[in-house]
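Structure record follows, encoded as structure tokens.
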Amino acid sequence: MRTEAQPAGGTGVDTTVAVVGGGPVGTLVARELALLRIDVTVLEKLPEPDGISKASTLHARTAQTLDRRGLLEAVQPGRYVASRDAGRPVRFHFASIFELDLSRVVDEGPVIVGSPQAFAQEVFAADAVRLGARVQRDAELVGLDEYDDHVRLRLRSTSGAERTLTARWVIGADGARSAVRKLSGIRFLGDGPTVAALMGEVRLLDPAGAPAGWQRTPRGWTLLWVNPYGPSRVCTYDYRGPHPDRHTPPTLEELRDEVERISGRPVPMDDPAWISRFSDASLQAEHYRKGRILLAGDAAHVHFPAGGQGVNLGLQDAVNLGWKLAAEIRGWAPDGLLDTYHSERHPVAAAVLNNVRAQVALMDPDPRTDALRELFARLMRFDEVNAYLSTMITGTGVVYPVGAPAGDPLAGRMVPSLPVRTPDGLTTLAELLHQGRPLLLDLAGDAGLRAVAGPWADRVDIVTATPAGDGRRTEALLVRPDGYAVWSARGDSHDAGTLRAALTRWFGPETW
């Protein structure tokens with residue numbers, strides 16, 4: 001809720017930014033802010049980490065984004081990494097039709113990284129703390145009041161004790177049932193559930209006889225990632241309708257009975273580590289920002305987990321938002337910069353929700369869908385269709401409207417991390433972005449362009465380099481902290497005016 005402004009009365013705030021939610025999105029955005037020396041506190045309602053990882057797939061664009069912060073290696077716990085350099089297709093699915101080759105649309109880095117969310121969030125949290133952030137556990141948000149210059153949060157512990165915390169800004173990264181979103185009055189719009197799904201980790205008593213992998217029957221779907229030496233991941237999709245009560249805790253018996261009903265045979269199991277319900281509800285926040293309150297990750301968008309796209313959306317939200325909010329707090333953000341978080345990320349999530357709806361329809365177990373699935377599988381073998389769907393899943397098709405002159409081939413796109421040689425030695429574009437600052441990369445030794453950027457040197461890194469690879473593709477680049485170009489120069493196509501306009505548009509007025 002929003003209340004009337006209170007007199008400041010000299011009262012300070014407890015933290016500049018409060019991030020509600022200690023999952024991977026919340027901890028990454030906190031790390032982004034701490035990197036830029038913003039005072040930030042993460043508030044997590046769980047007293048201790050639960051170790052549950054419902055998501056574990058990082059797609060190519062997320063891997064590239066993390067590489068631009070030096071985090072890519074850190075989030076890989078020695079599990080699955082699929083590379084385009086292996087000389088083999090990287091098979092993936094659309095609606096469980098495994099005809100995609102994701103490697104065809106990935107020109108840099110791994111195609112898929114296996115990174116359980118519980119592992120990744122601890123990596124992000126530890127690095128955020130190293131950089132100066134605070135993490136407060138056992139802090140459930142139960143009240144929120146926004147004033148003109150701060151937000152007051154009411155927090156409750158598991159013992160029932162309540163306290164307040166004040167912040168200049170609040171980021172809700174607290175999941176699909178976001179308390180921040182509900183308390184701030186931001187509407188969650190879209191389609192309600194039609195599918196009842198269960199997921200859990202259990203011990204399979206006959207792993208060799210279990211229906212491993214993706215199995216479709218006229219009664220629904222089972223997905224079993226069989227581990228004969230420990231917990232196995234078990235999922236069921238029931239298309240007969242949504243759960244009668246989404247909030248009733250699921251039981252081992254319910255999961256076991258569903259697997260048996262759908263597969264048509266007993267699948268003995270016991271010793272559940274955890275079991276949860278979910279659905280195909282497709283919902284998106286009407287606004288990602290309301291005053292001093294912002295939403296990211298599942299708090300801003302939720303959908304059926306088809307293709308492992310959800311956590312990837314959220315992590316890219318975090319990196320898009322972090323530098324923009326830091327610029328607002330530091331006072332150099334141009335008018336409207338923070339609002340580009342919504343205008344850029346809302347359409348990206350809307351497109352994902354749309355492709356997930358299509359996948360849910362294609363996965364319908366009714367035999368009448370068989371012909372459609374067979375036709376779709378044949379279409380996916382066409383190169384153009386394969387590339388189109390692969391760019392959706394990997395996120396490599398994201399292009400932002402950055403307001404650059406027509407004909408700029410790189411503007412709005414993530415800049416490839418090509419090797420370059422600087423006065424300090426050999427490096428890559430990704431490494432030049434590790435500090436989270438904008439970058440003007442001069443690849444042609446153009447002192448005039450560097451002089452134009454000089455008045456922004458307090459916030460933009462100006463680097464002269466020469467390509468260390470197979471030739472220069474552009475004369476100069478102006479790159480946002482998230483790795484996306486807002487201006488590039490090629491031969492005679494650039495001038496001081498367009499560079500100055502891009503610097504002002506994205507990084508505020510010159511300082512001298």
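In this structure, CD in Glu258 is found 12.0 Å from SG in Cys235, a value given to the nearest 0.5 Å. Glu374 CD to Leu379 CG: the interatomic distance, rounded to the nearest 0.5 Å, is 12.0 Å. Distance CD/Gln316 to NE2/His59: 10.0 Å, rounded to 0.5 Å. Atoms CG and CH2, on Leu321 and Trp169 in that order, are 10.0 Å from each other to the nearest 0.5 Å. The CD atom of Gln284 sits 10.5 Å away from the CG atom of Leu295 when rounded to the nearest 0.5 Å. For the atom pair OH of Tyr388 and CG of Asn355, the computed distance is 9.0 Å after rounding to the nearest 0.5 Å.
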- Message: Using the rule given for side chain to side chain contact (heavy atoms under 4.5 Å, CB included), can you reason through His303 versus Arg357, listing the C-alpha separation, both sets of side-chain angles and the distance that settles it, and then say yes or no?
- Response: CA-CA 8 Å; His303 57 80; Arg357 290 188 191 100; over 6 Å; no
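Electrostatic pairing of Asp339 and Arg289 counts as a salt bridge here, judged by a charged N lying under 4.0 Å from a carboxylate O. Checked for salt-bridge contact, Asp174 and Arg181 miss the test: no charged N lies under 4.0 Å from a carboxylate O. Ion pair Asp370/Arg373 not flagged as a salt bridge, since none of the NZ, NE, NH1 or NH2 atoms sits closer than 4.0 Å to an Asp/Glu carboxylate oxygen. Comment: Glu108 engages Arg68 in a salt bridge, judged by a side-chain N to carboxylate O separation of less than 4.0 angstrom. Remark: Glu48 does not engage Arg137 in a salt bridge, criterion side-chain N to carboxylate O under 4.0 Å.
Relative ring orientation between Tyr341 and Tyr288 is described as tilted, the plane-to-plane angle lying within the 30° to 60° band. Ring-plane geometry between Trp214 and Tyr237 is classed as perpendicular, the angle between the planes exceeding 60 degrees on a 0 to 90 degree scale with a lower cut at 30. In this pair, Tyr484 and Tyr400 present their aromatic rings tilted. The plane angle is within the 30 to 60° band. Relative ring orientation between Tyr147 and His150 is described as parallel, the plane-to-plane angle staying below 30° on a 0-90° scale split at 30° and 60°.
A donor-acceptor pair under 3.5 Å is formed between the side chain of Ser53 and the backbone N or O of Ala118. For the pair Thr251 (side chain) and Glu254 (backbone), a donor-acceptor distance under 3.5 Å is present. For the pair Arg168 (side chain) and Asp149 (backbone), a donor-acceptor distance under 3.5 Å is present.
The side chain to side chain contact (heavy atoms under 4.5 Å, CB included) test with Val17 singles out one residue from Val170, Ile171, Val29, and that residue is Ile171.
Side-chain contact annotation: Thr15 with Arg134, donor-acceptor N/O pair under 3.5 Å present. No hydrogens or angles considered: a donor-acceptor pair under 3.5 Å links the side chains of Thr166 and Asp14. No hydrogens or angles considered: a donor-acceptor pair under 3.5 Å links the side chains of Asp280 and Thr194.
Residues passing the side chain to side chain donor-acceptor pair (under 3.5 Å) test with Thr394, sequence neighbours excluded: Thr396.
Side chains of Met414 and Val398 form no contact here, defined as non-hydrogen atoms less than 4.5 Å apart. Using a 4.5 Å heavy-atom cutoff, the side chains of Thr16 and Leu33 are not in contact. Ile329 places none of its side-chain heavy atoms less than 4.5 Å from the side chain of Leu36.
Residue-environment remark: CZ (Arg37) stays at or below the threshold of 12 foreign heavy atoms within 6.0 Å.
Closest of all the heavy-atom pairs between Ile262 and Thr222 is CG2-CG2, 3.7 Å.
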